[in-house]
Every structure is written in C-alpha cells, then in structure tokens.
Amino acid sequence: MIEEVRKQRAKEVEELRSHGINPYPYRFEKRHDTKAIRQAYDFLQPGQLLENEKIITAGRVMTIRLHGKSCFFTVRDFEGKIQAYIRQEEVLEQKYEIFKKYIAPGDFVGIIGFPFKSKTGELTIYVKEYQLLSKARRPLPEKWHGLKDKEVAYRRRYVDMIANDSTLERFKIRYQAISFIRDFLTKRGFVEVETPILNFIPGGGAAKPFVTKLEALDCEMYLRIAPELHLKRYIVGGFEKVFELGKNFRNEGISYKHSPEFTSIEVYQAYADYHDMMELTETLISSLVFHLYGSYKINYQGTELDFTPPWRRLKMREFIRDKLGVDILEDEERILERTLKDKGVELDTNTRARMIEKLWDLVEDQVIQPTFLMDHPVEISPLAKRHREDPRLTERFEPIIYGMELGNAFSELNDPEDQLERFKSQLKLRDAGDEEAHRMDFDFIRALEYGLPPTGGLGIGIDRLMMLLTDSPSIRDVIAFPLVTQSDDEDVTEGSAAE
RNA sequence: GGGCCGUUAGCUCAGCAGGUAGAGCACCUGACUCUUAAUCAGGGGGUCGCAGGUUCGAAUCCUGCACGGCCCA
C-alpha cells in the first residue's frame with residue numbers, strides 16, 4: 001500500500017517535470033510567517049477582503065478541502081497554521097488544474113496572495129500565485145488522531161513533529177529554555193566554554209563510561225561522563241565564571257529518567273560557595289519557569305509544582321533519620337544494612353557509601369516540591385569540600401523535584417591533599433567492586449596544587465528539567481532523537497526505483 | 001534481569017465461542033466556487049510482528065523469539 005502511494009507520487013513528479021515544473025526548486029522568498037500574518041490581520045471582519053495587501057508565505061500543506069473550481073487548504077510553518085484559498089478564476093486555469101491534480105497533503109508550497117476572513121471568521125490567504133516547493137512521497141499520518149505509536153514517534157521523530165503539534169511545541173520549549181539559560185548566565189557574567197568529550201580519565205561523576213579507541217595513538221579513550229574536572233581547570237587557569245552546556249555519556253541503564261546520552265549544564269563561579277549556588281539555581285530555574293509560563297507554578301503529571309524561591313532546604317542526614325530512623329553518620333554499618341534488608345534492598349557492593357545512597361533512594365520519592373537536599377556525607381561526595389561545621393559531611397546539595405535528582409552542586413574541594421585522599425578512598429571502593437567509583441586523576445591534583453580559589457560549582461540535568469517543564473513522563477519525550485535499537489529500513493529501498 | 005500489556009492497511013482502531021479480514025482517515029477516479037474531521041458516488045490496498053505447535057481449518061488457542069510500552073530490580 002505504501003508502495004502504491006510512493007509509485008503514484010513518483011509518477012506525479014515525472015508528470016510535473018514534463019509540464020516544465022521542478023518539483024524540487026531551489027528557493028522561495030518567504031516574507032511572512034503564519035504568526036505574523038495572524039497578528040497583522042486578526043482585526044478583519046468575517047467576509048472582509050484586503051485585496052491591496054500582499055502576503056508571501058510558505059509551509060507544508062496539511063489538509064485540502066477541494067470544491068471543484070475552488071479549494072481551501074491549510075499550510076503549516078514553524079509558527080503555526082493558516083488557511084489558504086485558491087480559486088480557478090483568480091489564477092491561470094492551467095495553474096489551478098495543476099494545483100488540483102498535483103498538490104497533496106505533505107507537500108511544501110509557497111503562496112502569494114492577500115488576506116481575508118471567511119464567512120465563518122477564519123483568517124485566510126486568498127491565493128493569487130503559488131509555487132510547489134517540495135513534493136512529498138509518503139502519506140501523512142491520520143489528520144485527526146495524529147501519530148500515537150510511541151515506537152514510531154521515537155524512531156521517526158520528524159513524523160511525530162509533523163503529525164503532532166504538541167511534539168513540535170515540546171521541542172520549541174526545550175530550545176527556548178536552553179536559550180534562556182544561556183542568556184541568563186551570560187548576563188551574570190559567565191563565559192561559555194568547552195571541554196574535551198574524549199577523555200583518558202573519565203571523571204567528575206560516578207558512572208560507567210563508554211569506551212572508544214583512538215586509532216592514531218592506538219589507545220583506549222572514554223567519552224566524558226561529566227565536564228566537571230576540566231571546568232575547574234579553567235578556574236585554576238584564571239577564568240572566574242564559566243559554564244558548559246553539552247552532552248555527557250553514561251554506560252548504564254535506560255529508564256524513564258536515564259538516557260545513556262544526556263545534556264547537562266555545569267556552572268563554576270570563583271569565590272562562591274554552595275549557598276551562592278543554591279541562590280543561582282533557584283533563581284535560574286524559577287525565572288525560567290516564569291519566562292515560559294508566566295507563573296512560578298506548573299503542573300507535572302497531575303501535581304502542582306511551585307518553583308517560587310526560596311526553595312526548601314533539607315539536610316540529608318536529618319531527612320533520612322526522620323523517615324527511616326537511622327543515622328547515616330553515626331549508626332554502625334550493620335544497622336544501615338539491616339534497615340536496607342528490611343526494605344527489600346539488595347546491595348551490589350557492601351560499602352558504607354553504597355548503603356547511604358540506597359537509603360536515600362528509599363526516601364527520594366517523598367520529595368516532590370523543589371527542594372535542596374543538603375550536606376551529603378563525605379564518602380559519597382569525593383569532589384565536594386568538607387562542611388565548615390562537620391568534617392564528616394560536605395558542602396553539597398542536589399536540587400530534588402518530583403523525586404528526581406535534577407542536579408548536583410558543591411563548595412568545590414580545593415585542598416589538593418584532601419582531594420588526593422578522596423581519590424584514594426574512591427579507589428578502595430573500586431577495589432570493593434564499585435564500578436562507578438571515581439578514578440584517580442593526578443593531573444587534576446596537580447592543577448589543585450597550583451591553586452583553585454574557593455569555588456562554587458553546579459550541574460543541572462537539562463533533560464530532566466525539560467521533563468518537568470513540558471509535563472513529559474519520560475526522558476525520551478524530551479530528547480528529539482532518543483536511543484532506539486537499529487531499525488528495519490526495508491520500506492525505503494524496496495520499490496524506490498519506481499517507474 | 002523479572003512481571004504485566006501490546007504488535008492487524010500509510011495512520012487511528014475493530015475483529016479473538018477457531019471457519020479464509022473490516023471501519024474511518026489517507027490513496028486513486030468522478031461531481032462540487034466560503035470549506036475547515038468539507039460533502040457525495042465509485043475503486044484499489046493486508047505474507048494479521050517472526051518461527052514452530054495444536055486443529056480438517058489459526059489474526060483468534062499454545063510455545064519460543066523479535067520489537068515496543070509500563071512497572072519492578
């Protein structure tokens with residue numbers, strides 16, 4: 001069936017060429033987008049025509065309503081949809097016949113005409129001239145129900161975007177948000193920088209890396225799991241406010257909130273501590289929410305989330321003690337372990353660090369409203385500075401919203417001796433079987449020995465933030481081209497050499 | 001890795017006391033000069049995810065596999 005349509009379209013393309021019409025011309029001078037047209041002519045009364053105005057626009061034909069010698073059709077562009085009207089008596093008869101015969105839903109057209117409002121009050125472009133800009137060879141999904149199959153939506157996102165306005169809208173919001181974040185930080189004096197994605201030592205986080213090979217040096221390399229250590233080297237070098245927005249790669253499970261390839265933003269500010277980073281975080285995210293929705297409150301999966309600053313500050317030790325009755329600092333490991341066993345949690349490695357992480361996992365989903373989870377124990381925070389009041393803790397926080405860790409931030413550890421000790425402790429965890437434990441990075445120690453000023457650092461997971469901002473239940477919904485298994489492309493080659 | 005659900009026309013879905021596959025949209029032909037899920041008349045289109053099994057007979061029942069979704073680890 002799809003082959004039938006493709007052959008039919010191929011035939012039409014040949015016929016158009018024989019009429020001297022190029023079905024794939026080179027350019028069109030688009031002057032107005034649908035939003036601008038809507039804003040300019042919304043004032044028209046039903047039935048009113050503005051024959052002296054000239055509109056030049058272009059887009060994809062979505063639907064066609066043909067009535068013999070006249071035809072209504074809707075055109076969609078990035079800004080929206082607009083109706084157009086073409087009549088035999090207004091264009092050359094031959095051009096009308098060609099429109100009637102060859103223009104179909106899915107095709108791109110350029111149109112020149114004037115605005116009017118139909119009897120029913122819909123703003124419409126009265127077509128004086130049109131040009132086929134690209135002929136579609138495949139049928140569009142159903143015009144009423146759209147595309148619902150999630151597999152197809154993920155594999156062929158372009159079809160999802162064509163068929164479902166909400167999908168296009170979701171990605172517009174994503175890139176508006178990213179643009180806002182860049183502006184926000186730039187206005188505060190931060191410089192956008194870059195760091196290597198190919199690393200010899202994957203650092204800055206707890207994760208299994210992707211391994212790749214550098215042929216030129218015949219050695220293994222890793223895709224970065226976080227840009228953190230390089231960004232701090234910028235601060236050592238003399239930058240004072242930097243950020244990097246980009247992809248990280250973690251060779252771990254895939255779930256509704258985990259993607260092997262994800263986007264983060266990391267921000268570092270010299271002379272600041274984690275309190276400054278909390279202020280930055282809540283101001284950045286709440287003003288982003290306000291920028292997008294005109295309110296600090298949004299709905300996520302049926303729950304109202306209130307981003308109004310200041311956000312709740314919650315100490316990790318106290319919260320776990322309140323909820324589970326154990327003290328992650330003072331209780332013996334066998335007590336932590338028994339609490340976990342009672343809750344049915346199995347430990348992959350028997351370290352105190354892992355136990356603390358698992359205990360937190362048990363209560364994480366009880367934190368719904370935007371919250372800063374603070375002051376993590378030192379053994380699970382190898383890059384954070386010890387707490388000024390209790391050296392067993394660190395000056396660290398994670399913004400938690402709707403039970404999801406949205407990021408991670410610290411007063412950065414800048415004491416090279418302590419950092420070396422932390423790396424060594426991490427190596428012990430590694431020996432105990434923790435594959436995610438941090439690796440040794442002597443050059444980073446060397447950098448700290450040259451001197452890192454007091455620095456506040458912050459990382460935010462952009463994809464998870466976008467889930468919240470677009471009410472999306474899965475991280476795949478906010479990644480335009482999510483990871484899917486290899487596809488079957490049989491329908492492309494088969495019959496593509498249609499006569 | 002485990003559990004549940006799903007996979008039928010390009011799309012959205014019916015069909016499952018087992019009896020040789022349907023609708024709407026889309027597509028093709030024709031009619032129609034203010035429609036908007038346009039309308040009207042006619043037509044074409046399916047290895048029912050794949051492979052086995054049970055049966056005279058399987059889209060339907062059973063087993064395995066693949067792909068996907070959701071939940072759990």
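Below, read A as the first sequence line, B as the second, and so on, with proteins coming before strands; counting in each chain starts at 1. Given the structure is predicted, the values throughout are model-derived calculations rather than measurements. FYI, side chains are in, hydrogens and waters are out, and symmetry mates aren't considered; it's all heavy atoms of this structure.
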Task: Pairwise P distance for B:C48 and B:U60, with rounding to whole Å - done: 10 Å
Task: Nearest-nucleotide 5' precedence on RNA chain B, A:His145 against A:Phe116 - done: A:His145
- [ ] Assess whether one donor atom and one acceptor atom, taken from the side chain of A:Glu151 and the base of B:U7, lie less than 3.5 Å apart.
- [x] no
TODO: Working to the nearest 0.5 Å, report the span between CG of A:Asp306 and CD1 of A:Ile368.
DONE: 13.5 Å
TODO: Answer yes or no: does a side-chain N or O of A:Ser70 lie under 4.0 Å from OP1 or OP2 of B:U35?
DONE: no
Open item on the list: Looking at A:Glu3 and B:G45, is any side-chain donor or acceptor paired with a base atom of the opposite kind under 3.5 Å?
Closed with: no
TODO: From the options B:G10, B:C11, B:G69, select the nucleotide whose nearest atom is closest to the side chain of A:Ile2.
DONE: B:G10
Open item on the list: For the C1' atoms, the ones on B:A9 and on B:G46, what distance do you get once it is rounded to whole angstrom?
Closed with: 6 Å
Open item on the list: Tell me whether the side-chain N or O atoms of A:Glu122 pair up with the base of B:U35 as donor and acceptor below 3.5 Å, since no angle test is needed here.
Closed with: no
TODO: Examine A:Arg155 relative to A:Phe481 and say whether NZ or CZ is less than 6.0 Å from the centre of the six-membered ring and inside a 45° cone about the ring axis.
DONE: no
Open item on the list: Is there a side-chain contact between A:Arg65 and the phosphate of B:A38, meaning an N or O under 4.0 Å from OP1 or OP2?
Closed with: yes
- [ ] Go through the side-chain N and O atoms of A:Thr63 and A:Arg65 and say whether any donor and acceptor fall under 3.5 Å apart.
- [x] yes
Task: For A:Arg317, the option from A:Asp327, A:Asp331, A:Asp375 that meets salt bridge (Lys or Arg N to Asp or Glu O under 4.0 Å) - done: A:Asp327
- [ ] Just compare B:A37, B:C11, B:C70 and give me whichever is closest to any side-chain atom of A:Glu142.
- [x] B:C11
- [ ] May I ask you to evaluate whether A:Lys148 reaches the phosphate of B:C11, defined as a side-chain N or O under 4.0 Å from OP1 or OP2?
- [x] no
Open item on the list: Rounding to an integer number of angstrom, what distance separates B:U20 and B:U29 when you compare their P atoms?
Closed with: 33 Å
Task: Under 4.0 angstrom between A:Arg6 side-chain N/O and B:A26 OP1 or OP2 - done: no
TODO: Could you work out which one of B:G69, B:G44, B:A38 sits closest to the side chain of A:Glu4?
DONE: B:G44
Open item on the list: Quick check: on RNA chain B, is the nucleotide nearest A:Lys119 upstream (toward 5') of the one nearest A:Leu66, or the reverse? Name the residue that is more 5'.
Closed with: A:Lys119
Task: Residue matched to B:C61 through Watson-Crick or wobble contacts both under 3.5 angstrom - done: B:G53
